[in-house]
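Shown next, in structure tokens, is the structure this report addresses.
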Amino acid sequence: RNLRVKVMQALYAWEMDHDIALVKLENQLMQQVQRSMDLYLTNLLYLIEVCNYSMVDKAKRMAKFIKTEEDLKASTTIAANRIVAYLLQDEQFNSLAKKNNVRHYISEDVVKALFTDLSAKDKYKEYAALQQPTLEQDKEILNFIVKKIFQGDKQLYAHLEELFINYDDDNSLLLLITSKHIDAFDEKQGGFFNGLDMWEEEKKFAIDLLVKTIHNSEELTNFIQPNLKNWEMDRVAILDLILMKMAVCELKYFPTIPVKVSINEYIDISKLYSTPKSKDFVNGVLDKVRMQLQEKGEIKKYGRGLME
């Protein structure tokens with residue numbers, strides 16, 4: 001959905017000015033996808049830095065002349081978290097972080113504030129008291145950081161929003177992706193960051209969707225127009241028309257994307273970005289177009305269940 005929204009925005013610019021060169025739209029789209037990846041990498045670096053701050057915190061506590069009981073209990077267990085350790089050694093992650101120069105997005109003040117918040121939580125204290133956490137416990141604490149500490153943290157939000165213009169649109173989704181990768185981590189296979197390969201695949205999907213929607217714009221419009229009951233083409237909200245053309249483009253030219261997925265995604269996007277009545281309007285038109293294309297045998301999907 002995140003990629004579809006970015007393509008929608010590029011298509012909106014094209015609908016406003018058909019003289020915009022396609023290569024310019026492609027470059028702008030790739031820049032947006034790249035910024036999403038940079039934000040993703042930045043969140044991962046914050047995850048690492050917050051865990052490693054436990055060592056800084058303990059060193060400071062041990063340097064005190066008079067130590068409290070809390071100081072003496074300071075733990076660095078989380079710094080040895082298996083997934084964090086894997087990330088620190090992962091060549092692909094480190095190479096991309098260096099290439100994209102995302103480390104300069106890390107604020108030591110934000111890291112300290114995040115760790116201070118985390119260390120006050122019972123969930124952290126329970127984990128920190130463990131001598132040898134299991135892999136599942138390692139996953140649980142990282143998911144807790146992602147979902148309960150990062151999400152909604154005002155200081156982190158303000159810092160990243162200033163750096164990333166796409167922050168509001170992207171961050172919740174990217175944290176969800178991070179959480180899924182944490183859950184899927186396998187010690188034997190490693191591969192936590194095989195997930196980084198997805199960005200290349202998604203860049204290709206975004207470009208294909210943009211190019212095919214523009215190249216087939218007239219054909220896609222001709223599928224839609226006869227199904228605009230009691231509506232003239234020039235009265236249709238421009239975003240609704242763009243979303244419907246993108247949806248029909250996926251139905252016809254993306255054989256591995258299920259029919260239901262394409263239609264439901266664009267209905268949901270219309271709820272977020274278009275008019276209050278767009279959801280029902282887009283749903284009704286796309287349902288008619290789908291039935292007509294299926295009757296004519298013009299929707300060809302590969303794989304079980306993709307036509308449903």
Exercise for the section: Let me see the working for Met244 and Ser270 under side chain to side chain contact (heavy atoms under 4.5 Å, CB included), right down to the final yes or no. Expected result: CA-CA 9 Å; Met244 289 188 290; Ser270 72; over 6 Å; no
Problem - Chi angles and distances behind the side chain to side chain contact (heavy atoms under 4.5 Å, CB included) call for Tyr46, Tyr105 - result: CA-CA 9 Å; Tyr46 266 109; Tyr105 298 141; 5.6 Å; no
Exercise for the section: Could you check Ser75 against Lys58 for side chain to side chain contact (heavy atoms under 4.5 Å, CB included), going step by step and ending with a plain yes or no? Expected result: CA-CA 7 Å; Ser75 166; Lys58 181 165 185 175; over 6 Å; no
Practice task
Take Phe164 and Thr42 through the test side chain to side chain contact (heavy atoms under 4.5 Å, CB included) and record every step on the way to the result.
Solution key: CA-CA 10 Å; Phe164 294 94; Thr42 301; 3.6 Å; yes
Practice task
Kindly indicate, with the supporting measurements, whether the criterion salt bridge (Lys or Arg N to Asp or Glu O under 4.0 Å) is fulfilled by Arg103 and Glu49.
Solution key: CA-CA 10 Å; Arg103 185 160 291 281; Glu49 293 300 317; 3.2 Å; yes
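Taking CG of Asp240 as the reference point, atom OG of Ser278 lies at 3.0 Å (rounded to 0.5 Å). Within the model, atoms CG of Leu135 and CD of Glu140 stand 10.0 Å from one another, a figure rounded to the nearest 0.5 Å. To the nearest 0.5 Å, atoms NE2 (His18) and CE (Met16) are separated by 8.0 Å. Rounded to the nearest 0.5 angstrom, Lys203 NZ and Ile207 CD1 are separated by 10.0 Å. Separating the CZ atom in Arg61 from the OG1 atom in Thr68 is a distance of 6.0 Å, to the nearest 0.5 Å. The OH atom of Tyr253 sits 3.0 Å away from the CD atom of Glu219 when rounded to the nearest 0.5 Å.
Ion pairing between a basic and an acidic side chain is recognised when a charged N comes within 4.0 Å of a carboxylate O; Glu250 and Arg4 show such pairing. Here Lys112 does not pair with Asp109 in a salt bridge; the nearest charged N to carboxylate O distance is not below 4.0 Å. Between Asp287 and Arg290 there is a salt bridge, since at least one side-chain N of the basic residue sits less than 4.0 Å from a carboxylate O of the acidic one.
With a 6.0 Å radius and a threshold of 12 heavy atoms from other residues, nucleotides or ligands, Ile165 has its CD1 atom at or below the threshold. Applying the 6.0 Å contact sphere to NZ of Lys148 captures no more than 12 heavy atoms from other residues, nucleotides or ligands. By the neighbour-count criterion of 12 heavy atoms within 6.0 Å, atom NZ of Lys125 is densely surrounded, having more than that number from other residues, nucleotides or ligands. Other residues, nucleotides and ligands contribute only 12 or fewer heavy atoms inside 6.0 Å of the NZ atom of Lys73. Within 6.0 Å of the NZ atom in Lys64, the count of heavy atoms belonging to other residues, nucleotides or ligands exceeds 12.
Residues Val23 and Leu210 do not share a hydrophobic cluster, defined by chaining ILVMFWY side chains whose heavy atoms lie under 4.5 Å apart. Under the 4.5 Å side-chain contact rule for hydrophobic residues, Ile78 and Met62 do not share a cluster. Cluster membership for Leu114 and Met55, using ILVMFWY side-chain heavy atoms within less than 4.5 angstrom, is not shared. Placement of Ile238 and Ile269 within a single hydrophobic cluster is found when ILVMFWY residues are connected by side-chain heavy-atom separations under 4.5 Å, directly or transitively. Note on Ile149: it does not cluster hydrophobically with Leu176, by side-chain heavy-atom contacts below 4.5 Å among ILVMFWY residues.
With no hydrogens or angles considered, a side-chain donor-acceptor pair links Gln34 and Asp38 at under 3.5 Å. Looking only at atom types and distance, the side chain of Asn227 has a donor-acceptor partner in the side chain of Gln292 under 3.5 Å away. In this model, a donor atom of one side chain and an acceptor atom of the other lie less than 3.5 Å apart for Asp170 and Asn2.
In this structure, Lys139 contributes its side chain and Asp183 its backbone to a donor-acceptor pair below 3.5 Å. For Asn283 (side chain) and Lys279 (main-chain N/O), no donor-acceptor pair under 3.5 Å exists by modelled atom type. Formation of a donor-acceptor pair under 3.5 Å by the Asp153 side chain with backbone atoms of Leu156 is found in this model. Looking only at distances, no side-chain donor or acceptor of Asp138 sits under 3.5 Å from a matching main-chain atom of Asn81. Checked by atom type and distance alone, the side chain of Ser95 never pairs as donor or acceptor with a backbone atom of Gln92 at under 3.5 Å. At least one donor-acceptor pair closer than 3.5 Å links the side chain of Asp90 to the backbone N or O of Phe93. With hydrogens and angles ignored, the 3.5 Å screen pairs no side-chain donor or acceptor of Asn171 with any backbone N or O of Tyr167. Although no hydrogens or angles enter the test, the distance criterion places a donor-acceptor pair under 3.5 Å between the side chain of Thr134 and the main chain of Gln137.
With a 4.5 Å cut-off on side-chain heavy atoms, Phe205 and Ile257 count as touching. Put simply, the side chain of His215 reaches to within 4.5 Å of the side chain of Leu22, judged on heavy atoms. Residues Val248 and Leu293 form a side-chain contact, since some pair of their non-hydrogen atoms from C-beta on lies under 4.5 Å apart. Considering only heavy atoms from C-beta on, Asn101 stays 4.5 Å or farther from Lys99 through its side chain. Here the side chains of Glu15 and Lys245 are in contact, with some heavy-atom distance below 4.5 Å. The shortest distance between side-chain heavy atoms of Thr76 and Asn52 does not fall below 4.5 Å. Taking 4.5 Å as the limit, every side-chain heavy atom of Lys121 sits out of range of all side-chain heavy atoms of Tyr127. Ser36 is listed as a side-chain neighbour of Lys6, based on a closest heavy-atom distance under 4.5 Å.
Nearest heavy-atom pair across Ser262 and Tyr266 is O-CD1, 2.9 Å. When all heavy atoms are compared, the tightest approach of Lys212 to Leu220 is O-CD1, 4.5 Å. The shortest non-hydrogen separation linking Leu209 to Cys249 is CD1-SG, 4.3 Å. Taking each heavy atom of Thr77 and Pro133 in turn, the nearest pair found is CG2-CG, 3.5 Å. Smallest separation of non-hydrogen atoms from Ala10 and Leu25: O-CD2, 3.6 Å. Residue Lys252 comes nearest to Glu298 through the heavy atom pair NZ-OE1, 3.0 Å, listed as atom of the first residue, atom of the second, then distance.
Between Phe115 and Tyr53, the ring-plane angle classifies as tilted under the 30° and 60° cut-offs.
Lys271 meets the side-chain hydrogen bond (donor to acceptor under 3.5 Å, both in side chains) test with Asp268; sequence neighbours excluded.
Residues Phe144 and Tyr124 keep their aromatic ring centres 6.0 Å or farther apart.
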